[in-house]
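Here is the structure we will look at.
Computed from a predicted model, the values in this text were never measured in an experiment. Quick note on labels: first sequence line is chain A, next is B, and so on, each numbered from 1.
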Number of protein chains: 4
Amino acid sequence: MSAKSIAVLTSGGDAPGMNAAVRAVVRAGISKGFGVLGVRRGYNGLLSGDVEEMNLRSVSDIIGRGGTVLYTARSPEFNTPAGVQKAAEACKKLNVVGIVVIGGDGSFRGARDLTGAGVPCIGLPGTIDNDIASSEYTIGFDTAMNTAVEMIDRIRDTAESHDRCSVVEVMGRRCGDLALQVGVAVGATSILVPEVEWDFQKDIIDRMRFAQKSGKQHFIIMVAEGVGGTTELAKKIQETTGIETRATILGHVQRGGSPTLRDRVVASEMGYRAVELLEAGSSNRVVIMRGGKIVDLDITEALSMQRVFDKKLYDIALQISI
Amino acid sequence: MSAKSIAVLTSGGDAPGMNAAVRAVVRAGISKGFGVLGVRRGYNGLLSGDVEEMNLRSVSDIIGRGGTVLYTARSPEFNTPAGVQKAAEACKKLNVVGIVVIGGDGSFRGARDLTGAGVPCIGLPGTIDNDIASSEYTIGFDTAMNTAVEMIDRIRDTAESHDRCSVVEVMGRRCGDLALQVGVAVGATSILVPEVEWDFQKDIIDRMRFAQKSGKQHFIIMVAEGVGGTTELAKKIQETTGIETRATILGHVQRGGSPTLRDRVVASEMGYRAVELLEAGSSNRVVIMRGGKIVDLDITEALSMQRVFDKKLYDIALQISI
Amino acid sequence: MSAKSIAVLTSGGDAPGMNAAVRAVVRAGISKGFGVLGVRRGYNGLLSGDVEEMNLRSVSDIIGRGGTVLYTARSPEFNTPAGVQKAAEACKKLNVVGIVVIGGDGSFRGARDLTGAGVPCIGLPGTIDNDIASSEYTIGFDTAMNTAVEMIDRIRDTAESHDRCSVVEVMGRRCGDLALQVGVAVGATSILVPEVEWDFQKDIIDRMRFAQKSGKQHFIIMVAEGVGGTTELAKKIQETTGIETRATILGHVQRGGSPTLRDRVVASEMGYRAVELLEAGSSNRVVIMRGGKIVDLDITEALSMQRVFDKKLYDIALQISI
Amino acid sequence: MSAKSIAVLTSGGDAPGMNAAVRAVVRAGISKGFGVLGVRRGYNGLLSGDVEEMNLRSVSDIIGRGGTVLYTARSPEFNTPAGVQKAAEACKKLNVVGIVVIGGDGSFRGARDLTGAGVPCIGLPGTIDNDIASSEYTIGFDTAMNTAVEMIDRIRDTAESHDRCSVVEVMGRRCGDLALQVGVAVGATSILVPEVEWDFQKDIIDRMRFAQKSGKQHFIIMVAEGVGGTTELAKKIQETTGIETRATILGHVQRGGSPTLRDRVVASEMGYRAVELLEAGSSNRVVIMRGGKIVDLDITEALSMQRVFDKKLYDIALQISI
C-alpha cells in the first residue's frame, strides 16, 4: 500500500451516481499522488478490514451503473465511541490520511466523529431523498425523480384509458422534494407533502371537481412517503367521487437504475472536490450544491441546518396542474 | 356515414399495442372500401351511441402510444340478453356489417353473443396477461414483460448494493407466463407460478443456500399474481435465512407505456387480418398466433381451449438461474 | 376572444420541454384572467393568422411529449421591418397585450423588435444547445444530454466487445456545453470543444496510450458539432494507433423524446414566470436561470452577453476520464 | 481443468443477448457435469490460448448487459486449413469435447470446419441483422429493432414539429427484415428493402402526396442498409416535393444496449439447447427458431438455405402506413 492513502466508502441507502463519485475520488486521488483504498459495506469495512487498493481500472465502466460497487450497510458497532476508536486505529494502520464518505446525514455524523478521532473526513451528499438540509441537491435525486416520472407516465396511460384516478406514493422519507418535483413533472392534480398542510375536500376533491368541469376525466394524486396513508386515501377518493381510484406505492424501483447525466456529472464534480479538500489538508467538510455551484461547508454546521421547502414551486403547481 | 361500415372497440383491461391494432383496423378498413366507426369505452359505446366516424388521420401518431384512444370499460348492461339485443340494433342503425373487438376472453364472449344476434364479430387478443388459451401471444404482453424487466433490473441494483433478497410480484392474473418469462430474463433464483406446485424449503431456501455457497449474495424471487402472498413470503424468507428481504408488487406500471416493436407489429398484423376476415364474410372468429404465425379460429372453439404452460422453459430456469 | 389576451409561440429549432412551457403559459394565463392564444409555426402564425384560442384542456397530456404542439418554423418575412409591423398590427386586432416567445437568441431578437413595435414580449430560452449566453440553462438541454448518454452507453457496449475506439459527435452548434457534459457522463477519454484548443497528439493519442498502459482497450472520443471533422478524425486515429476506430454522428435523435423531469419542471417555472412578468406590465425581458434560480433580464442586455465555458469541469474530466 | 470440458465463444459482430447465451451455456454445462471454458475474442482465443475456466459466478449479473463479456473479433488465421488444425489441437489439449459458437453464418462456417477437424461444434444464431436463412430469429434482433424504434420515435417528434420528412437508414446488411419490422412499427410512409424493387415516384413521392391530401405533414421514409443511398435520397425527395427533408443513418447505436426480454429468453433457451446437444453427442448442428419453437438443424444444411422475405407484412405496411 502507498505511503499516503485516502479511502472512500458508501454508507446508508444506495443511490444512483454513487459509483460516479467513487470513480472520481479514485481517479482524482491517484492523479494527485495518493494511494486509494475502497472500503466495502460502509463503516463496517473499516472495522472488519474489508478494504481493497484501487487502481485506475478498478473503476472502469462503473460511471453508468446503478447501486454502489463498494456495497453499503448500516454499522451498529461503528455507532459507538469504541467503534469509532477502532475504525480510527484501522485507518492509521492503513496509512489513511483522509476518508471520503458518500451518504446522508447519518453517515455525516459518523464522518464528524471519525474526524474527531483523528481521521480527516469529507462528506458527499448521496441519497435519492434530497433530504440533506445543507445541499440543494443530493447525488441520486435526479435519477430517482426521472424513474418515478417514467413509471407514472405509464400509470397515466392506463388511468386515462379507464377514466380512473391514480394515487401514487413516491419516496423521500420526511422530505417532500421528490413528490413536489415529480408531481409538477407529471401534472398531478394534487401534491401532498409533509411540509404543507392539506385538506381532503379543498386540496383534492374540489380540485378534481373543478378539473372535471373543464373535461378532465383521469387524475393523478401525488403523495410523499412522509405523508403516507396512500391506500386509505385512494379508497376515500373513490367513495367521495365515485371515480374508480387505484393506489400505487412505487417502492424500491426508485433507488436503482443507470444514473442520469446530472447525477453522473454532479457526482464526478463532488468526488473531485472532496479529494481537492483532502489534498489541501481540510477535514470535517461536506461538499454541497448551493446557488447551482459545488462548494463546501463544515459538517457540524451542515448538520445543524434546516431544510427550506420550495413553496413557490408548490404554488405554481396549484395553478398549472388543473 | 358510409353505406357499409365496420366498427372497432377495445374492451376489458387496456394493453399497450391496442392503439396499433385500432390503427390497422381503421386504415385497412378504409383501404378496403369500408367506413370505419370508433366505438368508445367498449361495448358501452354501442349502447350509448358513443361512436365516431374515423378517417386516415384519426389514427395518426397513435402507434407508439400506450393505453387505448378508444378508452375501455366494463359493461354490465351489455352482459345481459337485452343488452346484446340493444347493441345489435344500434349496429344495424349504423350500417355496421362487422365489429373488431380487441380484448380478452370476457370480451370474446361478448363478441360471440353479438355475432349470435346478427352482427359479425372478430376478436383480437389484447391483454398484458397472455392468459388467452387459444393464442401463443397476446397484444401487450411483450411491453408488459419488458417494463417488468426494466423495473426489476433497477431493483436488482439496490438489492445487490445491500446484499438483500427482493421478492417481486408481477401481473398475469391466473396465468404464470409473465412471471416465468420475466423470471428467466432477470435471472430470478426462484419463480413461483400457479401452474407449478412449489415447496418453500426446497424451491426457495435450498436454492438460495446453494447459490450462496458459490458466492451469490443478493437474490430475486419472482412471484406471479396468481400465487400472491408476496409480503408474507418476504417476511418468512428473512426469518428463515437472516438475509434482509423486501417485497415489491409492481402494479399498474406494467400496463402502460409506449408499446415495444413486437406489440406494434403483431397488433398491426392482427388488426389487418381482422378486416380481411370481415371482408371475406367471416364471423365469430378470433385472430391468434400459433406456431409464430397469425391465423384465425372459431371463437367458441377458442373459448373452450386449455392453456399449456411452458414447463420446459421453467425447467431450464431451474438450471441456469442459480 | 377575450378582451385581454396573451399569446404564446415556439420559434427556431424544437426542444423537449417546449410543450411544458406552453402548458404553463396557457394555464397560468387563464388562471390570471387572460385569454390565451396559441400561435402556430413561430412568428409565421402571427402573419398568417394561424392562431387558436387555448383553454385548460388544450394543453392536457402534453407535458410529457417531445417536440412542440404549436409547431415551429423560420420566418423570413418577419425578419423585415415590414414583417414586424404587420405582426404587431395582427396582435392589436387580436387584443394581444403580450407574447411569450420560446426559442433561442434569434427568436429573442424578433421579440425585441416586436416589443419595439408596441407588443410587449417575454422570451423563454428553449434550445437543446444551451447556447444562450444569458442563461445557465436552456429548456431541452437536459433531455438532449440524457438522450446522447443513453446512445453512447449503447455504442460503448459494442466498442468494448470489439476493443474499438468510437469517435462520437454530439450537437451544440458553436457551443461545447453538450459535448463537455456528455463527455464527462460517459467517461470519454478526450473531449473536443470549440472553446478549448486541442492537439491531436497530446490530447488524443497520448491520452489513449496512457490509458492503454493501465489496461484500457476501448475508447470514446467526444467531439462537439462546433469542432466537426469527426469522420476524418476517426480515420486519423485508426492510422496512428492501429486501433479499429468508428465515427458516429448522433444527429436529430438528440432533439426529440419525452422531456426529462428537469426540462419539464424548469419549463413550467419559466412559463409561469413569463406570465407573471406580463401581468406586472413588464416587457422585453428574457426569463433565465442564474445561480440555480429563475430570474429575468432585459432582452437587449441578454443578447449582448458572452458565454462562459466551464473550464473547471473540463479540467476535472482530464483527470478522471483516463 | 475438468476431465471433460465444453467451450463457448462469441464471433463476428456483437449482439445484445450474447451474454445471456454465454450464461446459459456456462450454467447448463456445469449443471450437466462439464467443465466450461470461456474463449476470448472468437476463434482467436483458441489459437492464442486466451481461455478461462468459468464457474457459476463468472456469469453473474451479465444477462442484462449489452455486448459480449467474451469479446469478439475476426480471425484471419483461423480462416485457413492450418488455422483450423491448430485450433483443433488446442481444443484437444484442453480436453474440450465440444464448442458452442455464437455468431452469424461466417462463424458457422468456422464451426463446420472445426467439427470436420474433430471438435464437435454447435452454432447459435447471434446477430442483430436477422440475416441467417435457417432461423426465423437471431439473438440481438429484437433489441436492435426496439432501439431503432425508440430513436425514430424521437426523430418523429422533431420531424412533426417542423413539418419535415425524415429519411432513416437502419442496419441489416443485405437483409431487409430490420427495416421492414421497424418501418411497420414507426408507421413509415415508405419502406425500402433489398428484397423488393421500388420506384422513386410511385413508392415514395406518390405515397407522400396521397398522405398529404388527407392532412399528413411529416413523413418517415425507412431505408435498409442493403439499399443505402440515404443522403442522396433525402436530397432528391426535398427537390421533388419542396418538403424539408433530413437524412439520418442510425449506426452503431443499434448494436448495443441492455437486451430486451425476448433476446434474453431466446438466448437462454438456445444456449441451454446447445449444451443438451453436446451432452447427447450431437455435432455440426445449429440451434434455430422455426414455427416459434427452438429446434436444431445440420450446419451444412442450414448454410445452404435461402432466406424468405415476409412479403405479406410488407404489403400490409403499404395499406396501413399512409
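Of all heavy-atom pairs spanning C/L261 and A/A185, the tightest one is CD1-CB, 3.8 Å.
With chain C as the partner, the residue from A/S214, A/S31, A/A267, A/G215 showing the most heavy-atom pairs under 4.5 Å is A/S214. Heavy-atom pairs under 4.5 Å with chain A were tallied for C/A20, C/G64, C/A24; the largest tally goes to C/A24. Highest contact tally toward chain C, considering only A/V59, A/N55, A/N146, is held by A/N146 [criterion: heavy-atom pairs under 4.5 Å]. Highest contact tally toward chain C, considering only A/S268, A/S258, A/A211, A/P259, is held by A/S268 [criterion: heavy-atom pairs under 4.5 Å]. Ranking C/E136, C/E160, C/R57 against chain A, the residue ahead of the rest is C/R57, based on heavy-atom pairs under 4.5 Å. Heavy-atom pairs under 4.5 Å with chain A were tallied for C/D61, C/V184, C/V182; the largest tally goes to C/D61. Note: C/R262 leads C/E269, C/R262, C/Q181 in heavy-atom pairs under 4.5 Å with chain A.
Of all residues in residues 313-322 of chain A, those placing a non-hydrogen atom less than 4.5 angstrom from a non-hydrogen atom of chain C are A/L313, A/I316, A/Q319, A/I320, A/S321, A/I322. The contact list for residues 288-295 of chain A toward chain C, using heavy atoms and a distance under 4.5 Å, reads A/G291, A/G292, A/K293 by residue number. Identified by a heavy-atom distance below 4.5 Å to chain C, the contributing residues of residues 147-155 of chain A are A/V149, A/D153, in residue-number order.
Contacts between C/S60 and chain A at a heavy-atom distance below 4.5 Å are absent for every atom of the residue. For C/F210, the part lying under 4.5 angstrom from a heavy atom of chain A is the side chain only. Only the side chain of C/R156 comes within contact range of chain A, judged by heavy atoms closer than 4.5 Å.
Under the side-chain hydrogen bond (donor to acceptor under 3.5 Å, both in side chains) criterion, A/E169 pairs with A/T230, sequence neighbours left out.
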